[in-house]
Enquirer: 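Mind looking over this structure? Questions follow.
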Amino acid sequence: MQGPLSTWLVKHGLIHRSLGFDYQGIETLQIKPEDWHSIAVILYVYGYNYLRSQCAYDVAPGGLLASVYHLTRIEYGVDHPQEICIKVFASRRNPRIPSAFWVWKGVDFQERESYDMLGIFYDTHPRLKRILMPESWIGWPLRKDYISPNFYEIQDAY
């Protein structure tokens with residue numbers, strides 16, 4: 001089932017995939033990484049001027065990685081602003097997604113956390129470096145196939 005934003009994107013020839021609605025009725029769309037930057041700019045111009053949050057997750061061991069953006073359309077005098085959820089999936093072998101930093105500055109630390117925990121590279125991000133783990137840390141701790149560098153030491157302790 002297509003929602004109003006999906007219908008608008010189709011009308012304007014913008015490629016995406018509708019993923020339906022979440023439990024709160026928020027429309028969810030899938031955007032290809034190569035289309036994300038231009039669609040992010042269009043969404044901003046269309047009125048989605050507030051980035052509520054950005055997060056990422058590992059879809060399955062050995063599978064895709066997902067970067068999720070929750071956007072809100074803040075307007076004067078509107079009690080219930082429109083919200084949208086955007087999912088951008090990236091290949092595990094080359095997890096690159098254009099950064100949304102130049103559209104919504106508030107995504108700065110959130111994309112850095114997604115990079116730090118899952119290894120998603122956000123192209124054109126001005127300060128893409130680890131934010132939670134030390135710079136010397138090896139690997140991406142929230143990937144489902146991650147094995148800690150200390151795993152074997154811990155196993156030997158038992």
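Just so you know, these numbers come straight off a predicted model, no measurement behind them. Residue numbers count from 1 along this sequence.
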Enquirer: I'd like to know whether CZ of Phe21 has more than 12 heavy-atom contacts from other residues, nucleotides or ligands below 6.0 angstrom.
Expert: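 For Phe21, atom CZ is crowded (more than 12 foreign heavy atoms under 6.0 Å).
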Enquirer: State, to 0.1 Å, how close Tyr44 and Trp104 come at their nearest heavy-atom pair, and which atoms those are.
Expert: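 Here Tyr44 and Trp104 meet closest at CD1-NE1, 3.4 Å.
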Enquirer: Any chance you could measure Ser114, atom OG, to Tyr57, atom OH, to the nearest 0.5 Å?
Expert: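 With rounding to 0.5 Å, OG (Ser114) is 12.0 Å from OH (Tyr57).
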Enquirer: Just grab all the salt bridge (Lys or Arg N to Asp or Glu O under 4.0 Å) pairs involving residues 2-28, residues at least two apart or on different chains.
Expert: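 Found none.
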Enquirer: Which atom pair, heavy atoms only, marks the closest approach of Leu128 to Arg112?
Expert: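 That closest heavy-atom pairing would be CD1-CA, 4.3 Å.
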Enquirer: Between Ile97 and Leu14, is there shared hydrophobic-cluster membership here, with clusters defined by ILVMFWY side-chain heavy atoms closer than 4.5 Å?
Expert: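 Hydrophobic grouping puts Ile97 with Leu14.
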Enquirer: Among the clusters formed by ILVMFWY side chains lying less than 4.5 Å apart, do Ile120 and Leu142 turn up in the same one?
Expert: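 Yes, Ile120 connects to Leu142 through the hydrophobic network.
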Enquirer: Taking a hydrophobic cluster as the set of Ile, Leu, Val, Met, Phe, Trp and Tyr residues connected by side-chain heavy atoms closer than 4.5 Å, whether directly or through intermediates, do Phe109 and Met117 fall within one such cluster?
Expert: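 Yes.
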Enquirer: Would you say NZ of Lys105 has more than 12 non-hydrogen atoms from neighbouring residues, nucleotides or ligands within 6.0 angstrom?
Expert: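 Yes, NZ of Lys105 has more than 12 neighbouring heavy atoms, counting only those of other groups under 6.0 Å.
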Enquirer: Quick check: are there more than 12 heavy atoms from other residues, nucleotides or ligands sitting under 6.0 Å from NE2 of His70?
Expert: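 Count over threshold, so yes.
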Enquirer: Considering non-hydrogen atoms only, spot the tightest contact between Val107 and Ala100 and give its length.
Expert: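 In this case the closest contact between Val107 and Ala100 is CG1-C, 3.6 Å.
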Enquirer: Tell me the closest heavy-atom pair linking Cys85 and Ile26, and the distance in Å.
Expert: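 Closest approach of Cys85 to Ile26: N-CG2, 3.9 Å.
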Enquirer: Examine the side chains of Gln82 and Tyr46 and answer whether a donor and an acceptor come within less than 3.5 Å of each other.
Expert: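 No.
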Enquirer: Would you say Trp140 and Leu65 make side-chain contact, with heavy atoms under 4.5 Å?
Expert: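 No, their side chains stay 4.5 Å or more apart.
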Enquirer: Hey, does Leu118 have a side-chain heavy atom less than 4.5 Å from the side chain of Asp58?
Expert: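 Side chain of Asp58 against side chain of Leu118, heavy atoms only: contact under 4.5 Å found.
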Enquirer: Nearest 0.5 Å please: distance from the CD1 atom of Ile31 over to the NZ atom of Lys87.
Expert: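 The NZ atom of Lys87 is 12.5 Å from CD1 of Ile31, to the nearest 0.5 Å.
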Enquirer: On a heavy-atom basis, which atom in Gln110 and which in Gly106 lie closest, and how many Å separate them?
Expert: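 So the minimum-distance heavy-atom pair works out to NE2-O, 3.1 Å.
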Enquirer: Taking side chain as C-beta onward, heavy atoms only, is Asp35 less than 4.5 Å from His16?
Expert: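 Counting from C-beta outward, Asp35 and His16 never come under 4.5 Å.
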Enquirer: Mind checking the CD1-CD spacing from Ile131 to Glu113? Nearest 0.5 Å is all I need.
Expert: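 Rounded to the nearest 0.5 Å, the CD1-CD separation comes out at 7.0 Å.
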Enquirer: Test the Lys144-Tyr146 pair against the cation-pi criterion, namely NZ or CZ under 6.0 angstrom from the six-membered ring centroid and within 45° of the ring axis.
Expert: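 No.
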Enquirer: For a 4.5 angstrom cut-off between non-hydrogen side-chain atoms, does Ile86 reach Leu43?
Expert: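 Ile86 vs Leu43: side chains touch.
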Enquirer: So with a 6.0 Å cut-off around CD1 of Ile15, is the heavy-atom count from everything else above 12?
Expert: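 No, the 6.0 Å shell around CD1 holds no more than 12 heavy atoms from other groups.
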Enquirer: Just so I know, are the side chains of Leu51 and Tyr69 near enough to count as touching, which here means a heavy-atom distance under 4.5 Å?
Expert: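 They are in contact (side-chain heavy atoms under 4.5 Å apart), so the answer is yes.
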Enquirer: How about Ile42 and Trp8: do any of their side-chain heavy atoms sit closer than 4.5 Å?
Expert: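 With C-beta onward as the side chain, the pair touches.
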Enquirer: What is the distance from atom OH of Tyr115 to atom CZ of Arg130, rounded to the nearest 0.5 Å?
Expert: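 It comes to 6.0 Å.
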Enquirer: Has Arg73 got a side-chain atom pairing as donor or acceptor with Pro81's backbone, closer than 3.5 angstrom?
Expert: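 It does not hold such a pair.
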Enquirer: Same cluster for Phe121 and Val103 if Ile/Leu/Val/Met/Phe/Trp/Tyr side chains link at under 4.5 Å?
Expert: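 They do share one cluster, since a chain of ILVMFWY contacts under 4.5 Å joins Phe121 to Val103.
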Enquirer: Please tell me if the side chains of Trp137 and Asp116 come closer than 4.5 Å, counting only heavy atoms from C-beta onward.
Expert: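 No, side chains not in contact.
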Enquirer: When you compare the side chain of Tyr122 with that of Gln54, does any pair of heavy atoms fall below 4.5 Å?
Expert: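 SC-SC contact between Gln54 and Tyr122 confirmed.
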Enquirer: Give a yes or no on whether the backbone of Arg93 and the side-chain of Ser91 come within a donor-acceptor separation of less than 3.5 Å.
Expert: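 At least one qualifying donor-acceptor pair exists.
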Enquirer: If hydrophobic clusters are built by linking Ile, Leu, Val, Met, Phe, Trp and Tyr wherever their side-chain heavy atoms come under 4.5 Å apart, do Leu29 and Val41 end up in the same one?
Expert: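 Same cluster.
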Enquirer: Report the distance from atom CD1 of Ile84 to atom CZ of Arg52, rounding to the nearest 0.5 Å.
Expert: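 So the gap between those two atoms works out to 11.5 Å.
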Enquirer: Between the main-chain N or O of His37 and the side-chain N or O of Trp102, is there a donor-acceptor pair closer than 3.5 Å?
Expert: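 Not at all, since once roles are kept as given, no pair shorter than 3.5 Å links the two residues.
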Enquirer: Hey, does the side chain of Gln30 reach the backbone of Phe89 with a donor-acceptor pair shorter than 3.5 angstrom?
Expert: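 Not at all, since once roles are kept as given, no pair shorter than 3.5 Å links the two residues.
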Enquirer: So which heavy atom on Ser6 is nearest to which on Ser18, and how close?
Expert: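 Between these two residues, the closest heavy atoms are OG-CB, 3.8 Å.
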